[in-house]
Amino acid sequence: MESNKVRLRFAPSPTGPLHMGGVRTALYSYLFAKQHGGDFILRIEDTDQNRFVPGAEQYIIDALNWCGIIPNEGVGFGDGKHAPYRQSERKPLYKQYAEQLIGSGHAYYAFDTAADMEIKRKQAESTGKSFMYDAQTRMQMQNSLSQPASEVNNLLNNNTPYVIRLKVMPDNEVAFDDLVRGHVVFNTNIVDDKVLLKSDGMPTYHLAHIVDDYLMQITHAVRGEEWLPSAPAHILIYKYLGWESKMPHYAHLPLLLKPDGHGKLSKRDGDRLGFPVFPLNWTDPITAEISSGYRERGYLPQAFVNMLALLGWNSGTTQELFTMPQLINAFSFKHIHKAGAKFDPEKAKWFNEQYVRALPDATLVDHLRNDVIESYKYSGDDVRLTDSYLIKAVQLLKPRIQFLHDMHSMGHYLFEPPQTYDTDALQKKWNENQFAFYDVLLPQLNTQQSFDATVIEPLVKNLIKEMGLKMGDVISCLRIFISGKSSGVDLFGMITLLGKTETTQRINNGLQFIKTNN
RNA sequence: GGUCCGUUCGUCUAGGGGUUAGGACGUAUCCCUUUCACGGAUAAAACACGGGUUCGAUUCCCGUACGGACUACCA
């Protein structure tokens, strides 16, 4: 039955890049919708024309695409039967509902200017309180409740700017069942007469999201915990509009908190602490300031999504690695933790590591090849660009990478001779006796028919033993000659990969370096 | 300030009136090993505090503390 279909929306406002908390909200909504064979919708809440940021809407679309959280209706994803999905394009829709509320006595016109409001706030502040436009104060303000009808008509006829405010009935209780928090009860005395329609004719979030959720037949509304305090006002609006039975189930998600200190994760934290808070890079259109994104940092979208899913939610089992279909299957609001979650960048890296290492070798080869082509001016037929070379490199590098780009940065010595040597380590491990070792080793290597670890390794080790040298010392220096570094991928695997010519040349270079620097 | 929400290892969390309070990340140690990783093993590490209720509370209730959100013609 169409009317019973589960429908969720993600409704960000395009005031900047979508941050990871927003992505998580979208993800949970998406998971729940898919689990129930329902719809997932992207609606753009651009009712504040002052906060419009160019590019933000496209960023949201790109981010969802990258994450694989694909709406089946909405801005950027094709219209369903509830188009348009941009609130600015739905502007004419909202006013009638605000007026309906005036008609039923649940809202009123208010003519107070910004200056009037400012004075009231100042007055309240001086007595140590904050001003609230509500049943206590509304009769002292300029509105259609405090003024005679004739005056109100006058103001309206003269095109005096006005807003429409919700008339909240005091001393009542509003209750609702939150999918995360359970039964929540508020007293209406704490809810103010919220503006529903602004003087520019645009609805506020409060009115717009309710009208659209109703019209779009949204069944579940998932949003951040910061909305909890205004939830009673929203419940009231549904009641006053007579839509109570169509009200979606609300789920208020715990916030994502800063890894250090306290407070909710904000835009600034990312680059301050060295991790992204955004899925994709974002360049501020005004300041040109760049905020880094997970994608550009080398995170795989699956890892990013998996990490996000587990931040504040668990499956009830000890499983931590989930594919999207598994998440869809396992998700439940019941298992969302109520407290805010501090984001841990280290754990995020671990997730990426799991996904990167699980990638097929062929995929890793492709990435490595691209990086290598970019860094070195190899000719097209260079052996180091071949599958057989790269696949061996990948196998050597794979157990030590967290990011795809680590293969290149950690394994650069598989593609170029060392530029520098770890002289500290060399100092410790080198001794003059090792010259004799190479005097024997090099000719033996040169005459070697099959240059393979299975042959080279015993050859080298036996020689070290025969000459009574210390295994650790000789091997360490050999490694440094070949890679420049005292640690890295398997030595004999590396030698096999580089081949006879390159290996012996690097050894000779190393010996030369020793001679000239001692 | 007011209102609301929350509080289990450093972090993400499981659990729930009687448990050796479990897992993961990170950390440390050991094993493997030519190094560093990987892998394996082990360890340190938590129920905020105070009152109840109860034979028994980390679990239920109430306070306190602490943290967070909100308190716009922003969302």
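Only this structure's heavy atoms are used, side chains among them; waters, hydrogens and symmetry mates stay out.
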What does the list of N/O pairs under 3.5 Å between the protein and nucleotides 31-35 of chain B look like, with a distance for each?
from	atom 1	to	atom 2	distance (Å)
B/U34	OP1	A/Lys461	NZ	2.7
B/U34	O2	A/Arg479	NH2	2.9
B/U34	O4	A/Asp490	OD1	2.2
B/U35	O2'	A/Ser486	O	3.2
B/U35	O2	A/Gly488	N	2.7
B/U35	O2	A/Gly488	O	3.3
B/U35	N3	A/Arg479	NH2	2.8
B/U35	N3	A/Gly488	O	2.8
B/U35	O4	A/Arg479	NH2	3.4

In whole Å, I'd like the distance from the [atom1] atom of [X] to the [atom2] atom of [N].
X: A/Trp313; N: B/A24; atom1: CH2; atom2: C1'; answer: 14 Å
X: A/Asn352; N: B/C12; atom1: CG; atom2: P; answer: 21 Å
X: A/Glu346; N: B/C9; atom1: CD; atom2: P; answer: 19 Å
X: A/Met20; N: B/C12; atom1: CE; atom2: P; answer: 13 Å
X: A/Glu320; N: B/A24; atom1: CD; atom2: P; answer: 8 Å

- Task: Have a look at A/Gly312 and say if it touches a base, only the backbone sugar-phosphate, or nothing, with a 4.0 Å heavy-atom cut-off.
- Result: sugar-phosphate

- Look at all strands and tell whether A/Lys338 reaches a base, only sugar-phosphate, or nothing, counting heavy atoms closer than 4.0 Å. sugar-phosphate

Could you please name the option among [options] that lies closest to any side-chain atom of [X]?
X: A/Ile190; options: B/G6, B/G23, B/U3; answer: B/U3
X: A/Pro399; options: B/C25, B/U11, B/A37; answer: B/A37
X: A/His337; options: B/U3, B/C25, B/U8; answer: B/U8

- Out of A/Val23, A/Leu300, A/Leu327, which residue meets the side-chain contact (heavy atoms from CB on, under 4.5 Å) rule with A/Val305? A/Leu327

- Item | Sole candidate of A/Ile336, A/Leu179, A/Leu228 that passes side-chain contact (heavy atoms from CB on, under 4.5 Å) when paired with A/Leu253 | A/Ile336

- Given the options A/Tyr294, A/Tyr355, A/Phe351, A/Phe304, A/Tyr299 meets ring pair (Phe, Tyr, Trp, His ring centres under 6.0 Å) only with A/Tyr294

For atom [atom1], what is the distance between [N] and [M], given to the nearest Å?
N: B/C66; M: B/G50; atom1: P; result: 16 Å
N: B/U35; M: B/U19; atom1: P; result: 46 Å
N: B/C38; M: B/G1; atom1: P; result: 48 Å
N: B/G39; M: B/A21; atom1: P; result: 29 Å
N: B/A14; M: B/G22; atom1: C1'; result: 6 Å
N: B/U58; M: B/G18; atom1: C1'; result: 12 Å
N: B/C47; M: B/C9; atom1: C1'; result: 10 Å
N: B/A37; M: B/A44; atom1: C1'; result: 24 Å

Counting Watson-Crick and G-U wobble pairs only, both distances under 3.5 Å, name the nucleotide matched with [N], or none.
N: B/U54; answer: none
N: B/C25; answer: B/G10
N: B/A69; answer: B/U3
N: B/U19; answer: none
N: B/G63; answer: B/C49
N: B/C30; answer: B/G40

List, one per line, each side-chain donor-acceptor pair under 3.5 Å for residues 470-488 of chain A, sequence neighbours excluded.
from	atom 1	to	atom 2	distance (Å)
A/Ser476	OG	A/Gly472	O	2.7
A/Arg479	NH1	A/Val489	O	2.9
A/Arg479	NH2	A/Val489	O	3.3
A/Ser483	OG	A/Arg479	O	3.0
A/Ser483	OG	A/Lys485	N	3.1
A/Ser483	OG	A/Lys485	O	3.2
A/Ser486	OG	A/Asp422	OD2	3.0

- Is it true that A/Lys349 and A/Glu346 have a side-chain N and a carboxylate O under 4.0 angstrom from each other? yes

- Taking only residues two or more places apart in sequence or in another chain, which ones pass salt bridge (charged side-chain N to carboxylate O under 4.0 Å, His left out) with A/Glu226? none

- Who passes salt bridge (charged side-chain N to carboxylate O under 4.0 Å, His left out) against A/Lys347, sequence neighbours left out? A/Glu320

Listed by chain and number, what are the side chain to side chain contact (heavy atoms under 4.5 Å, CB included) partners of [X], not counting sequence neighbours?
X: A/Pro71; result: A/Phe40, A/Leu42, A/Leu64, A/Phe77
X: A/His405; result: A/Asp371, A/Phe403
X: A/Met117; result: A/Asp112, A/Arg121, A/Phe131, A/Tyr133, A/Met141, A/Arg165
X: A/Asp46; result: A/Pro14, A/Ile44, A/Arg86, A/Gln87, A/Ser88

- Check the surroundings of atom NZ in A/Lys95: do more than 12 heavy atoms from other residues, nucleotides or ligands lie under 6.0 Å from it? no

- Task: Could you name each residue pair satisfying side-chain hydrogen bond (donor to acceptor under 3.5 Å, both in side chains) that touches residues 453-468 of chain A, not counting sequence neighbours?
- Result: A/Asp452-A/Thr454, A/Glu457-A/Lys461

- What string of B, S and - do you get for nucleotides 39-45 of chain B, 5' to 3', if B is base contact, S is sugar-phosphate-only contact and - is no contact with any protein heavy atom under 4.0 Å? -------

- Sugar-phosphate atoms are those with a prime plus P, OP1 and OP2; base atoms are the rest. Using that split, label each nucleotide of nucleotides 62-75 of chain B B, S or - for protein heavy atoms under 4.0 Å, 5' to 3'. -----SSSS--BBB

- Note on the structure: Nearest-nucleotide check on RNA chain B, A/Gln402 vs A/Val184; residue mapping nearer the 5' end is A/Val184

- Message: Tell me whether the side-chain N/O atoms of A/Asn314 come closer than 4.0 Å to OP1 or OP2 in B/A14.
- Response: yes

- Tell me, which pairs form a ring pair (Phe, Tyr, Trp, His ring centres under 6.0 Å) where one or both residues lie in residues 159-179 of chain A, sequence neighbours left out? A/Tyr109-A/Tyr162

